[in-house]
Amino acid sequence: MSGAQHERVPVLEVESLSRSFGGVRAVDRVSFTLFSSELLAMIGPNGAGKTTCFNMVNGQLRPDAGAVRLNGRSILGLPPRSIWRLGVGRTFQITATFASMTVRENVQMALVSHHRRSRALWRPARDHYFDEAMALLERVGMDRQYDRACGVLAYGDLKRVELAVALANEPGLLLMDEPTAGMAPRERMELMQLTTGIVRERNIGVLFTEHDMDVVFAHADRIMVLDRGQLISEGTPMAVRSDRKVQEIYLGGSAVHDGGPA
Amino acid sequence: MADFIVSLLTGLSSAAAMFLVASGLSIIFGVTRIVNFAHGSFYMLGAYIGYTLVQAIGSAAVGFWAAVLIAAVAVGAIGVVMEILLLRRIYRAPELFQLIATFGVILVIQDVTLWVWGSEDLVGPQAPGLKGAADILGKPIPEYDLALIAISPLVLVGLWALFKLTRWGTLVRAATQDRQMVAALGVNQRWLFTGVLFLGSALAGLGGAVQIPKGGADLLMDFNILAVAFVVVVVGGMGSVFGAFWAAVLFGILQTFGIQILPNSTLVLMFLVMAVVLIFRPWGLLGMPETLGQAHPGPPEQPLRPALPRVRILGGAATALLLALPVAHLVLPQLVGAFTLVLVIEIMVFVLFAAALHFIMGPGGMVSFGHAAYFGGGAYAAALLVKFADAPFELAFWAAPVGAALLAFLFGWFCVRLSGVYFAMLTLAFAQIAWAFVFQDMPGSVLRTFGIADEFGAPLKITGGDDGLNDIWPSAWAGTRIAYYYIAVGLSVAALWIMRRFLYAPFGYTLRAGRDSPLRAAAIGIDLTRHRWLAFALSGAFTGLAGALFLFSKGSVFPTTLEIARSFDALLMVLLGGVQSLFGPIFGAAALTWLNDLFSVLSYWRFLLGVTIIALVLLLPQGIVGFAGTRLGRRLRLARPEEITA
Ligand SMILES: Nc1ncnc2c1ncn2[C@@H]1O[C@H](COP(=O)(O)OP(=O)(O)OP(=O)(O)O)[C@@H](O)[C@H]1O
Ligand SMILES: [Mg+2]
């Protein structure tokens, strides 16, 4: 692990997390621990249960069973907005931004909420946390497009905006569901490079999913492999690459697709 | 026991028309996502056309039922005409815009019906072969009631077979369940929509035609059935035919027994039941989660920018003109008559009302169908304070916004938990309850149950029912026409400016955030329900202020200020002006109030208004303010150049 200057503190502990839809066990007794300053990849074919896992950790979905602890404290059953207040940033597989606002306003909204100013009625929103928003946008390389409406942005740029938004509350944990989906290969590497730099300097733990194996093996400190809801392998990129079960899934017919916008 | 069975059967027979109309509305909504306001008009047309046909060919049983069926098919064809000529051109307009178009159709059909069949109520002929009464447990039941009871299940089975067994039906079901699928249909979507409009309208026509022997035909049928049909559809679940059936049965029975317990409060009873159902099952009995207008989101709204210099200048000029008008009146009374001042006061009242509705509807995405509750509610709060506490004008006036805010705070707590059509319907339900409260003078009745009554034991007049509350005027200093003009214009301009500040502030942005992406809003820590609730109450306060200005300009207040029609007027103003712009409601309210005033002296003014509305919808699908975004508007520097999509 390259974040050796930091202590290995567990940020997120997931125990035996399960959830079924109808008869389908979308996530089946998944357990793992994520440490600060670590990039942990969760990979697996389409429908393996990755997004479902994210949604349970982030509070969008209630698990049937299991435990989720953030910095040692259970966050099970909390709504997404409370989980965010505990320092969890999220980017979505299908980007979720405010289409009728500019890039900067999207980040300003996150900052306004972080500072609990969302009920302010008088001073224009565009004057709130202007410089902070620009600093975040500069960090993700979107400062030049700050004044464009999110509704007209290219998909790759939206992903960057989401990253800036997710960083606005100084999170200790980032949940990134397919952060590079829909991007060109070079752009993917750039974005992950950027993410790695940010999380190392701020000591953030990252859980991410990704279908591009080049990206995964180049950036993940550790990899988990999910198949039909179950964790079938876990370890360093080297170890996972040589795991027979993993090779079977990825070479044996289970197609892997990019999860970008349809 | 026999009485009970007879009541039950009567209830079931009155469910028939409700089910037929509601199932049509539900099917149309399920596939096209259009809330078809004209559906009640189709029901009315079914009755009138059916009446004429029965007169012509309905002397024998075969002829009668043939007449009923032909009427249904004819109304179905009218639905198809509306789809092809009107709806097809505006499927891509911003959400809810289709609603105004169908509202225009209501007005046109009203006057066409009046012109063809006259204003007199038509008494329906009895159905040949079913004129007698059957004997059920020693009680007489009209045979025709039994026929009506049989019709609903027959139609239900027919619809079920159509949806289950035909390819077309499979498409309809798939489209109802999966929005994406409709978009993927491409060309076939057109014919699916046209077919659905035919089926839905024909069902409404059938509903109107079969009830001729019981109710005949009259010109109030359209609005009367519309409210009922909405309630049935919403309680059953939007898009669910079976839901509509069970809800219609439920309400049919409820009506018969309701009449026995609480005479002339059946509508309120229905809305009460609906409120309870929506609170516990927010998507109706058999419905699915739904948001309004998912199918046609329209172009995304532009970011809020500071007003362009030219727009500022125009705004300033308009304000200056408003302030100078009374001076012009004094100097040139021939040119600017007293009536102009009165009209401007009225326009400003409705501009404020529409802007307050837009406050939650545009930025918040909360489409209230019952905002008249806060307009009339505020006016009544002030009027009651004057009547019963002898409050001076200066105090009573402010009781309106405060009272309306409290009412909105109470109703809003329930409503803001829902979204889309269900939100709209619950707001409508609360508005109807508020309307019944003043219309039936419930406080007076309640006092009587505690033994407080007038010397003859009759309920005390509190809200005054139909007569309203009269003789409520401003203090002397504010009572002259010019003084009141300045009060009305000053307060409404100030209120508009304050609302604008709110919407440019983080609070307004937070509302828009929740509308754009509830998922993202929650993921950045925003408690949407709280913000929506607060916005609802604030909107109520501003609406109440409009109510106060209205009350003291007229000197009286009537239950009509809380009517559905009043709520729809406000909705129409916002949509017609352009829901995506803060200026929209201003233009919409001004235009509509002025047009209303202009046309009201003509005999077929509804027709003219309806045609004007439809023309506006077709020419300016972004609302009147959408003009700024046209090529001409941009050349005149009323809007910024278009942003290029990536
Ligand atoms: N809300 C839901 N209702 C029913 N089934 C669901 C729901 N959400 C997910 N599923 C099912 O659960 C399984 C896991 O889905 P999930 O979205 O978590 O997969 P994923 O690993 O994120 O796939 P992808 O790589 O395509 O994003 C799938 O079989 C999916 O169909
Ligand atoms: Mg996924």
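Chain naming here is simple, since letters A, B, ... match the order of the sequence lines and numbering starts at 1 in each.
- Within the 3.5 Å criterion, the main-chain N or O of B:D527 finds no donor-acceptor partner in the side chain of A:R81.
- Expressed to the nearest 0.5 Å, how far CZ of A:F98 lies from CZ of B:R520 amounts to 7.0 Å.
- For B:R634, the CZ atom is densely surrounded, since the number of other residues' heavy atoms within 6.0 Å is greater than 12.
- In this structure, B:F280 places its CZ atom where only 12 or fewer heavy-atom neighbours from other residues, nucleotides or ligands lie under 6.0 Å away.
- The greatest number of non-hydrogen atom pairs below 4.5 Å with chain B, out of A:V112, A:D127, A:N169, A:T102, is found for A:T102.
- Between the side chain of B:R501 and the backbone N or O of A:W122 there is at least one donor-acceptor pair closer than 3.5 Å.
- In terms of non-hydrogen atom pairs under 4.5 Å with chain B, the most contact-rich of A:R119, A:R116, A:Q60 is A:R119.
- Remark: B:F502 CZ is packed, more than 12 non-hydrogen atoms of other residues, nucleotides or ligands lying under 6.0 Å away.
- Taking all atoms of both residues into account, the shortest heavy-atom contact from B:A513 to A:M101 is N-CE, 3.5 Å.
- Ranked by heavy-atom pairs shorter than 4.5 Å toward chain B, the options A:R126, A:R85, A:H114, A:M109 are led by A:M109.
- Using a 4.5 Å cut-off between heavy atoms, A:S82 does not touch chain B at all.
- Using a distance-only test at 3.5 Å, with no hydrogens or angles considered, a donor-acceptor pair links the side chain of A:S113 to the main chain of B:I524.
- In this structure, chain A has a heavy atom under 4.5 Å from the backbone of B:L304, while its side chain stays farther away.
- Of the two parts of A:Q108, neither the backbone nor the side chain holds a non-hydrogen atom closer than 4.5 Å to a non-hydrogen atom of chain B.
- The heavy-atom pair separating A:A120 from B:A505 by the smallest distance is O-CB, 3.5 Å.
- Side chains of B:L519 and A:R90 form no contact here, defined as non-hydrogen atoms less than 4.5 Å apart.
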(request) Evaluate the criterion side chain to side chain contact (heavy atoms under 4.5 Å, CB included) for residue pair B:R305 and A:D147; output intermediate values, then yes/no. (result) CA-CA 10 Å; B:R305 312 272 189 189; A:D147 206 28; 2.9 Å; yes
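- A heavy-atom distance below 4.5 Å is not found between the side chains of B:Y509 and A:N106.
- Interface residue A:R117: only backbone heavy atoms are found under 4.5 Å from chain B.
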